[in-house]
2 protein chains.
Amino acid sequence: MPTRSTDLGLALSEVEVPRGFGRGPRWWCANFQDAGFRITLPRQAILEALTNNSTKHLSAEEIYFEVHKRYPGVGLTTVYRTLEILVNMGLVFRFDFGDGKSRYELLQGPNAVTHHHHLVCTNCGRVIDYTEFIEQEKGLLDKIEKVLSEKYKFNIKSHQIQFSGLCEKCK
Amino acid sequence: MPTRSTDLGLALSEVEVPRGFGRGPRWWCANFQDAGFRITLPRQAILEALTNNSTKHLSAEEIYFEVHKRYPGVGLTTVYRTLEILVNMGLVFRFDFGDGKSRYELLQGPNAVTHHHHLVCTNCGRVIDYTEFIEQEKGLLDKIEKVLSEKYKFNIKSHQIQFSGLCEKCK
DNA sequence: TCAGTAATTGAAAATGATTTCCATTATCAA
DNA sequence: TTGATAATGGAAATCATTTTCAATTACTGA
Ligand SMILES: [Mn+2]
Ligand SMILES: [Mn+2]
Ligand SMILES: [Zn+2]
Ligand SMILES: [Zn+2]
């Protein structure tokens, strides 16, 4: 018997030695297993949806719709639950752009978008990712983070820079 | 008759020529009048609550409680409505620190807190204002703002920098 | 391989912040 | 002082998110 398999039909060798992406192996399985969480079909589906839309800023419901196309049995509640886990594990970042719902962005994996910050239109909600000056931002923030961590005894996990205003159409 | 008075009992000379603060004259009246809004008792009460708590990060309901102490007739709905106006006028900034409710900070007036950014505990919700490196941050952000405004045709109104992590007690 | 056990799930109900409605009241220009 | 209309507050509606709970499923250990 070359590979054992789980009830999900996932070859364990894939779980243990991820190599590709997209339809293929699952780079994030180790994260789940290490944290004591199980690998389930809904969780796969949700990661897949995030991966296939890594340049967007999907809400929980939008992720649910995305998942629903291929896995109609997955519920919205599970989407919320999985997103919470992913945020806590640091694989996903949760944003609030002021439209009343949380929005999520994949931080890890081969398909993750590179480090960037945001420009948000307060009128229509449009969000632009920008990477201009990102190195300078990163340099300054690293320095600040070091000082603040020590002074305020904070264990800093992440940062966020956001500009708000009116986009071309809205101003 | 030296000064006329409004139905609110506010001497018009105070409205037109604000000079002090706290219990006294109303620096923000011009903002409301210029924007075509009326000066009302609920609005005074809300500005007063924000002014007397400018170092906190009150939610709409907390502002409502604060207002309620002195003006029990003012409703929560009006607090929400007034906050929206204040945010749009740029007198108040709306934050989301991840606890499910918006929080507000006074930006203008003699009692406003100086320009700063935030450190947020994702576990207990504690928020720390920091001003370390604020000049360097401001310098860099101004430069970035100039470039982004032009490149993306955005009319940038404000920015935000936020660090998230665990505070001393929670880590 | 397989059963036992605890984790996970989906649907429905609950929650809670914010918004909408609407009849009444108050501001303020004339 | 008065009239047009902006503003108000309470109740009801909305809507994103959370909770509940009985049924299902993944994984452990034999
Ligand atoms: Mn982004
Ligand atoms: Mn602050
Ligand atoms: Zn816009
Ligand atoms: Zn804390």
Side-chain angles (χ1 to χ4, degrees), chain A residues 1 3-12 15-16 26 29 32-46 58-65 67-68 71-87 94-104 125, chain B residues 1 3-12 15-16 26 29-30 32-47 58-65 67-68 71-87 94-104 125:
Chain A
M1 187 193 316
T3 56
R4 288 177 301 143
S5 73
T6 66
D7 293 349
L8 275 173
L10 237 184
L12 280 186
V15 172
E16 285 150 6
R26 317 275 155 36
C29 287
F32 270 80
Q33 292 175 327
D34 292 351
F37 294 113
R38 295 177 177 180
I39 310 300
T40 68
L41 186 136
R43 286 169 181 174
Q44 282 180 64
I46 290 160
L58 299 183
S59 66
E61 195 179 31
E62 287 167 347
I63 291 166
Y64 167 72
F65 288 143
V67 166
H68 198 264
Y71 307 94
V74 176
L76 178 56
T77 308
T78 297
V79 172
Y80 275 105
R81 279 188 290 232
T82 302
L83 286 170
E84 191 185 0
I85 290 173
L86 290 169
V87 168
R94 171 192 280 129
F95 289 98
D96 173 40
F97 294 134
D99 65 346
K101 50 198 101 180
S102 292
R103 294 185 170 276
Y104 302 85
Chain B
M1 190 194 310
T3 56
R4 289 176 300 141
S5 73
T6 66
D7 293 351
L8 276 172
L10 238 184
L12 279 186
V15 172
E16 285 149 8
R26 318 277 155 34
C29 287
F32 271 80
Q33 292 175 327
D34 291 353
F37 293 115
R38 296 177 178 179
I39 310 299
T40 68
L41 186 136
R43 285 169 183 174
Q44 283 180 61
I46 291 160
L47 262 301
L58 300 182
S59 66
E61 196 179 30
E62 287 166 348
I63 292 165
Y64 167 72
F65 288 143
V67 166
H68 197 266
Y71 308 92
V74 176
L76 179 57
T77 308
T78 297
V79 173
Y80 276 106
R81 279 188 292 231
T82 302
L83 286 170
E84 190 185 1
I85 290 173
L86 290 169
V87 168
R94 170 192 280 128
F95 288 100
D96 173 44
F97 294 135
D99 65 345
K101 51 197 101 184
S102 292
R103 294 185 170 275
Y104 301 85

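Order of the sequence lines sets the chain letters (A, B, ...), proteins ahead of strands, with each chain counted from 1.
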> Does B/R81 have any side-chain contact (heavy atoms from CB on, under 4.5 Å) partners at least two apart in sequence or in another chain, and if so, which?
Replying inline: B/T77, B/T78
> D/dA6 P sits how many Å from B/E84 CD, rounded?
Replying inline: 16 Å
>> Nearest 0.5 angstrom please: A/S102 OG to A/R94 CZ, how far?
In response: 5.0 Å
> Which heavy atom of B/R103 sits nearest a heavy atom of B/S59, and at what distance?
Replying inline: NH1-N, 3.6 Å
>> Without decimals, in angstroms, what is the distance between B/R103 CZ and C/dT18 P?
In response: 9 Å
> Can you tell me how far C1' of C/dA17 sits from CZ of B/R94, to the nearest Å?
Replying inline: 12 Å
> Got A/V87 and A/Y104 here, is their nearest side-chain heavy-atom distance under 4.5 Å?
Replying inline: yes
> Quick one: on DNA chain D, does A/E61 or B/T77 contact a more 5' nucleotide (nearest heavy atom)?
Replying inline: B/T77
> For the pair made of CZ in B/F97 and P in C/dA17, what is the distance, rounded to whole Å?
Replying inline: 17 Å
> Nearest 0.5 Å, what's the CD1-OH distance between B/I63 and B/Y80?
Replying inline: 9.5 Å
> According to a strict under-4.0 Å criterion, is B/Y80 in side-chain N/O contact with OP1 or OP2 of C/dT18?
Replying inline: yes
>> Donor-acceptor pair, distance only, cut-off 3.5 Å: does the side chain of A/R26 make one with the backbone of A/Q44?
In response: no
>> For C/dT18 and B/S102 - does any side-chain N or O of the residue sit under 4.0 Å from the phosphate oxygens OP1/OP2?
In response: yes
Contacts under 3.5 Å, N or O only, protein and nucleotides 4-9 of chain C:
unit_1 : atom_1 : unit_2 : atom_2 : d
C/dA7  : O4'    : A/R38  : NH1    : 3.4
C/dA7  : O4'    : A/R38  : NH2    : 3.3
C/dT8  : OP1    : A/R38  : N      : 3.1
C/dT8  : OP1    : A/R43  : NH1    : 3.0
C/dT8  : OP1    : A/R43  : NH2    : 3.4
C/dT9  : OP1    : A/T40  : OG1    : 2.7

> C/dA11 P sits how many Å from A/H68 NE2, rounded?
Replying inline: 8 Å
> Between B/T82 and B/R43, which heavy-atom pair has the shortest distance, and what is it?
Replying inline: OG1-CG, 3.7 Å
> Can you check the B/D99 CG to C/dG16 P distance for me, whole Å?
Replying inline: 14 Å
> Quick one: which of C/dC28, D/dA11, D/dT17 gets closest to the side chain of B/I39?
Replying inline: C/dC28
>> How close do B/F32 and B/L47 get, counting heavy atoms only, and between which atoms?
In response: CE1-CD2, 4.2 Å
> A/L76 CG to C/dA12 C1': how many Å, rounded?
Replying inline: 13 Å
> Given atom CG of B/D34 and atom P of C/dC28, what is their separation to the nearest angstrom?
Replying inline: 13 Å
>> Would you compute the distance between atom CD1 of A/I39 and atom CD of A/Q33 and round it to the nearest 0.5 angstrom?
In response: 4.5 Å
> So what is the end-to-end bend of the helix from C/dT1-D/dA30 to C/dA30-D/dT1, with 5 pairs used at each end and the value given to 10 degrees?
Replying inline: 50°
